[in-house]
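Written out below as structure tokens is the structure these notes cover.
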2 protein chains.
Amino acid sequence: MTETRWLDEDEQQTWRAFLWTSRLLNEALDRQLQRDSGLPHAYYVILVMLSEAPGRELTMSELARLARSSPSRLSHAVNRLEESGWVRRVKHPGDRRTTFAQLTDEGFEVLAAAAPGHVEAVRQHLFDPLSREQVLELRETLRTVLTTLDRDGESPDLFGSGGGRS
Amino acid sequence: MTETRWLDEDEQQTWRAFLWTSRLLNEALDRQLQRDSGLPHAYYVILVMLSEAPGRELTMSELARLARSSPSRLSHAVNRLEESGWVRRVKHPGDRRTTFAQLTDEGFEVLAAAAPGHVEAVRQHLFDPLSREQVLELRETLRTVLTTLDRDGESPDLFGSGGGRS
DNA sequence: CTTCAAATGTTGAGAGCTCAAGTAACCTCA
DNA sequence: TGAGGTTACTTGAGCTCTCAACATTTGAAG
């Protein structure tokens, strides 16, 4: 148990800016999509991932990985999307554990109708205020963070987060 | 209705990186705080804002503004925090509409106990992988985005988002 | 082959959030 | 002074998410 290294002023400000930005951006997009297309942003992402997949279908596992969703969350989401008729579940013929999620034609239509407004909102809130240089810098920075987040997420605690901080 | 300006490759990648980063980061912090201190990250932020306020109290409105929360969300949150004994509601003597939220001593203790683990997690996931230069760049970029987000949020639609896009 | 661990996915309960609707107090101004 | 708008805050219903538990199927090891 070592002394806590608190955030310095720069870090504090950066952290809060990140927090507020991601909060407000998420809420703005959620509101826009919900209002205009009746689906939350997380569900929109699921439809996008399916639409980009070969045959517009993916196993639940693959879909969860691509959408960075927990299996549970995805399952609940697909339940709802299936009720809406936008996604269909299909059993895998070979391996009876795995299930495909397929984007239906109707789901594709909904996505196609939702996309322009969504992209416009992303542009307005995120890209319009930034220079191209800032966008590229931002991408690199986020990729760096994402790499460690993904690494930490895969094998949480193989070597113990409590032990080896010497 | 003009043609949609889709995101180019750089923008697409930047956008998804932002999305995944903010998602994973939020989830990691939520899990850590929930596990170690029994409160979601949004509630932690509320306690922090109160702890930094003079007299450790704020009106609900001010608190909502600082924590970038809707009044409704804040009200629900304070209900729960009050049940836990970490926050207390006090009526304003002069203006009977307004209510103060006060951080209790017990709430302060909980916050003090939660802070080191939380800061450690933020450091590990966000700041450790970044150079100081990246941190400062990131801060500027986020501030820029935040400025327009705040501006858009305050007066949504004074001039109509449907009309004047000519 | 049988057993046991791993992989895939689902469910239900509980908690937080959103949105729309409400209540109550204050303020303005004719 | 009282009518109408504004400000401050709360509530309830519905929806999504989390977490833990579960069921099923597959693969591996003896």
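Chain A is the first sequence line, chain B the second, and so forth, proteins listed ahead of strands; every chain is numbered from 1. Remember, predicted model here, so these are calculated numbers, not experimental data.
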Which part of the nucleic acid does [X] contact within heavy-atom distance under 4.0 Å: base, sugar-phosphate only, or nothing?
| X | value |
| --- | --- |
| A:T99 | sugar-phosphate |
| B:G94 | sugar-phosphate |
| A:A42 | sugar-phosphate |
| A:A77 | nothing |
| A:D95 | sugar-phosphate |
| A:T98 | sugar-phosphate |
| A:R89 | sugar-phosphate |

What pair of heavy atoms forms the shortest contact from B:L47 to B:L111, and how long is it?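 Result for this residue pair: O-CD2, 3.6 Å.
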What closest approach, in Å, do B:R80 and B:P40 show between heavy atoms, and which atom pair accounts for it?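 Looking at all heavy atoms of both residues, the closest pair is NH2-CD, 3.8 Å.
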Under 3.5 Å, is there an N or O donor on one side and an acceptor on the other linking the side chain of B:R97 and the base of D:dT7?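 Checked by distance alone, the answer is yes.
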For D:dT11, does the base pair up with any side-chain atom of B:S72 as donor and acceptor (N or O, under 3.5 Å, distance only)?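 Check passes, donor-acceptor contact within cut-off.
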Without decimals, in angstroms, what is the distance between [X] [atom1] and [N] [atom2]?
| X | N | atom1 | atom2 | answer |
| --- | --- | --- | --- | --- |
| A:E83 | D:dC15 | CD | C1' | 12 Å |
| B:L39 | C:dC17 | CG | P | 12 Å |
| B:N26 | D:dT16 | CG | C1' | 15 Å |
| A:R68 | D:dC17 | CZ | C1' | 19 Å |

Name the residue closer to the 5' end of DNA chain D, choosing between B:D30 and A:Q34 according to the nucleotide with the nearest heavy atom.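 Checking each residue's closest nucleotide, the 5'-ward one belongs to A:Q34.
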Point-to-point distance, once rounded to the nearest 0.5 Å, from OG1 of A:T141 to CD of B:E133: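 It comes to 9.5 Å.
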Between B:R123 (side chain only) and A:W6 (backbone N and O only), is there a donor and an acceptor less than 3.5 Å apart?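 Looks like yes, one N/O pair under 3.5 Å.
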Return the nearest nucleotide to the side chain of [X]; candidates are [options].
| X | options | result |
| --- | --- | --- |
| B:P71 | D:dT25, D:dA8, D:dT10 | D:dT10 |
| B:H76 | D:dT11, D:dT7, D:dC9 | D:dT11 |
| B:R80 | C:dA25, D:dG12, C:dG16 | C:dG16 |
| A:Y43 | C:dG12, D:dC17, C:dT8 | D:dC17 |
| A:R96 | C:dT10, D:dT11, D:dT26 | D:dT26 |
| B:S75 | C:dT10, C:dC17, D:dT10 | D:dT10 |

Would you call the rings of A:H92 and A:F100 parallel, tilted or perpendicular, where under 30° means parallel and over 60° means perpendicular?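 Rings of A:H92 and A:F100: parallel, under 30°.
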Report yes if a side-chain nitrogen or oxygen of B:N79 is closer than 4.0 Å to either non-bridging phosphate oxygen (OP1 or OP2) of D:dT11; otherwise report no.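 The answer is yes; a side-chain N or O of B:N79 sits under 4.0 Å from OP1 or OP2.
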Under 4.0 Å between a side-chain nitrogen and a carboxylate oxygen: does that hold for A:E106 and A:R88?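 So A:E106 does not pair with A:R88 through a salt bridge.
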